[in-house]
Protein chains: 2
Amino acid sequence: MSSIMKSGRRLDEDPVTKDGAEITKVKTLADLGKIAGVTAGTVSRALAGSELVNKRTRERILALAHEHGFQLNQIASKLRSKRTGMIGVVIPLGHERNQHISDPFFMTLLGHLADEITERGYSIVLERAIPEEKPDWLDRICGSGMVDGVILIGQSNQFATIERIAETYRPLVAWGSYQEGQLHCAVGTDNRAGGEIAARRLLAGGATRLAFLGETTGVEIAERFAGVKDVADEVGASLVHLPCHMSFELMTGELESLLAQHDGDFDGIIAASDLIAMTALKVLYGLGKRVPEDVQVIGYDDLPLAAQTMPPLTTIHQDISGGAREIVQRLQSAIAGRDVASLVMAPKLIERETTRGLA
Amino acid sequence: MSSIMKSGRRLDEDPVTKDGAEITKVKTLADLGKIAGVTAGTVSRALAGSELVNKRTRERILALAHEHGFQLNQIASKLRSKRTGMIGVVIPLGHERNQHISDPFFMTLLGHLADEITERGYSIVLERAIPEEKPDWLDRICGSGMVDGVILIGQSNQFATIERIAETYRPLVAWGSYQEGQLHCAVGTDNRAGGEIAARRLLAGGATRLAFLGETTGVEIAERFAGVKDVADEVGASLVHLPCHMSFELMTGELESLLAQHDGDFDGIIAASDLIAMTALKVLYGLGKRVPEDVQVIGYDDLPLAAQTMPPLTTIHQDISGGAREIVQRLQSAIAGRDVASLVMAPKLIERETTRGLA
DNA sequence: TTGAAAGCGCTAACAG
DNA sequence: CTGTTAGCGCTTTCAA
């Protein structure tokens, strides 16, 4: 790595007042109490804004706290009160090993979750889990005592593990799909319906031979594919499944050979994600295919990016911010000890320019 | 929100063995110690893999721990040992108010940071800070006692705040730019050089009128602009600055009116980010401009996405994963009490198809 | 090699 | 209204 180093400058460790008196940093409630002439208990109550403590004393303590830059030791507070105020947000990397957190869909969801969680006064402990390497990934997180609840950004291929944990650990909500009778709370869209909508739209635009792009290892994608297949079977359209990775880096080459190889097998593509769709657009262009004239394309997710492709991408919209809100809301209920139900939202077709006008 | 609700099923709270005896969950070291016939101290040592405890006892304890699914209470452990094992990763949202974490550059960086941090056995506390709302955002994070160190994903417009904190809080590393003599440790690329490289490339491709796309509120972008300006001034090329937001959602409309309005003012565009470049590509297409024949475009960052635009984007590469590694490495040194220097990496031109062949 | 004991910094009864 | 007291669950001397 080509680089230039710049050196930092050294700092005094112990600050000293102008008149030379040592300042011993106020680190504990007792320290502050000593200055204020009260005990730690009172300071604790004052800082918590308790009505129990005299208004004047309280204000004096608050002022002193501010003046000395005092901050509560969160660890001690959490240990004692048994409320951590933290929520574990974990990204299970089940079937995309040796890869980092980067899926834009998950990142967008994470962004919205962060907003919701922060707004409710919780902190976020972010975990990247690789189930294949540590089968007890979820137990560790749930049992760490570090978090009041856990959010799973996707179920990956860990449905069974999540179900098992849910038997004993309640404050857990996952983004993902809902299977009849499942134990854990999931929030997501109806992927099967999404697949159906996409397939029907392609057919309505005149397609007769469909292709589905994406690996079906994860439940959600598998359901999208199932939806597509239902429709294809129903109307007797052909359908090829072209599995490819879900990240830009891994997908491009695959897609090039896959699409070139199956050239002519399809005139309508349903991509498992907008990312795949975007790459497909580019590969198709390289193959000399016109979109949507020769081949129609539909994406999935409706990420901001989908509106910026060329041509702009028709796609299946998932309400990510609404979903994030629901997830955090449900988790908070669960933390409060209430029983929470799963939520299956309806997907929505967003018409842009990679599909043909209706016949 | 259109939705279907599915109800979860209720669970027993107290598991009972087949023979009816109550299982009281093993929650503390003392609990486990009682079962193993030793004290909490010994269990603690055993679990820590200490050589001090007899191998056979240790193995027995380990087996028992596993059998009962025992997990150490992290909070208590951290309080006592005064090592939290957590690193605060904060995204300062200085000049993009009312917006969530979603900038793909930051998200990509976050992904790599998460990898590095996890690999070193730390956990991540993710914070989204809005300095405008809470001027003491950084003090709160650094003083919370929750983290051993802090990583800032970007300096935003908070350079001064960061410098102030750095006077007393050492384990802090930021992604961003380095200013002569600065106190806090920063890792980033030479943005001015990046701007220069981009401008020269456009000029070499025959451009004579440059446009810079992006708001220059943040230090990094401002430096990129400065680099461009240096070159423009040097060769007497014209340069317009077209400020626009950095996120897809906010940028599109702006860019449409900006580019339409300045049509003819430029034949070479330097975008402050790949995102802006991608949107510009689309807007330009709508305006009937050919890229690179009529207008050349250069992006910044070299995100995975840059290779997938149409045409594929020429851009200035920043080594995000290398940067993440350096950041975490430096932070770890700083946590260990060592003094760490800033790092300025060299940017690199990636030639793709939005610039013209050299004359 | 293990036990006993002290205490991390805080909160929450319980008294007064 | 405030002080006293007793831990939260763990780690780590110090003794044995």
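Sequence lines set the chain letters: A, B, ... in the order given, protein chains first and strands last, and positions in each chain run from 1.
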For this session: Examine distances only and state if a side-chain atom of Thr84(A) and a backbone atom of Asp148(A) form a donor-acceptor pair shorter than 3.5 Å.
Result: yes
For this session: Run the salt-bridge test on Arg140(A) and Asp136(A) with the 4.0 Å N-O cut-off and return the result as yes or no.
Result: yes
For this session: Send over the distance from Gln71(A) CD to dG9(C) P, rounded to a whole Å.
Result: 15 Å
For this session: Just jot down the salt bridge (charged side-chain N to carboxylate O under 4.0 Å, His left out) partners of Glu59(B), sequence neighbours excluded, or say none.
Result: Lys55(B)
Exercise. Are the side chain of Arg60(A) and the backbone N or O of Ala36(A) linked by a donor-acceptor pair below 3.5 Å?
Worked result: yes
Problem set entry | First and last nucleotide of DNA chain D, 5' to 3', lying under 4.0 Å from heavy atoms of chain B | dG9(D) to dT13(D)
Exercise. Is the shortest distance from a Lys or Arg side-chain nitrogen in Asp339(B) or Arg170(B) to a carboxylate oxygen in the other one below 4.0 Å?
Worked result: yes
Problem set entry | Test item: Thr28(A) side-chain N/O and Ala30(A) main-chain N/O as donor-acceptor pair under 3.5 Å | yes
Exercise. Can you pull the salt bridge (charged side-chain N to carboxylate O under 4.0 Å, His left out) pairs that have at least one residue in residues 153-165 of chain B, sequence neighbours excluded?
Worked result: Asp139(B)-Arg164(B)
For this session: Working to the nearest 0.5 Å, report the span between OG1 of Thr39(B) and CZ of Arg45(B).
Result: 6.5 Å
For this session: For the helix from dT1(C)-dA16(D) to dG16(C)-dC1(D), figure out the bend between the end axes, five pairs an end, and round to 10 degrees.
Result: 40°
Exercise. Heavy atoms, side chains only, cut-off 4.5 Å: are Glu132(A) and Asn157(A) in contact?
Worked result: yes
Problem set entry | Heavy-atom side-chain proximity of Ile165(A) to Val150(A) below 4.5 angstrom | no
Problem set entry | Nearest-Å distance for atom pair CD1/P, residues Ile61(B) and dT1(C) | 13 Å
Seminar exercise, completed: So, with a heavy-atom separation below 4.0 Å from DNA chain C, the residues of residues 72-80 of chain B are Leu79(B), Arg80(B)
Exercise. In Å, rounded to the nearest 0.5 Å, how long is the span from CE of Met146(A) to CD1 of Ile75(B)?
Worked result: 4.5 Å
Exercise. Any side-chain heavy atom of Phe70(B) sitting closer than 4.5 Å to one from Ile35(B)?
Worked result: no
Exercise. Got a second to check how far Ile130(A)'s CD1 is from Asp115(B)'s CG, nearest 0.5 Å?
Worked result: 7.5 Å
For this session: Let me know the distance between CG of Leu32(A) and P of dT11(C), rounded to the nearest Å.
Result: 12 Å
For this session: Kindly state which residues belonging to residues 37-57 of chain A come within less than 4.0 angstrom of DNA chain C, counting heavy atoms of the residue only, listed by number.
Result: Gly41(A), Ser44(A), Arg45(A)
Problem set entry | Arg83(A) CZ to dC10(C) P, straight-line distance once rounded to whole Å | 17 Å
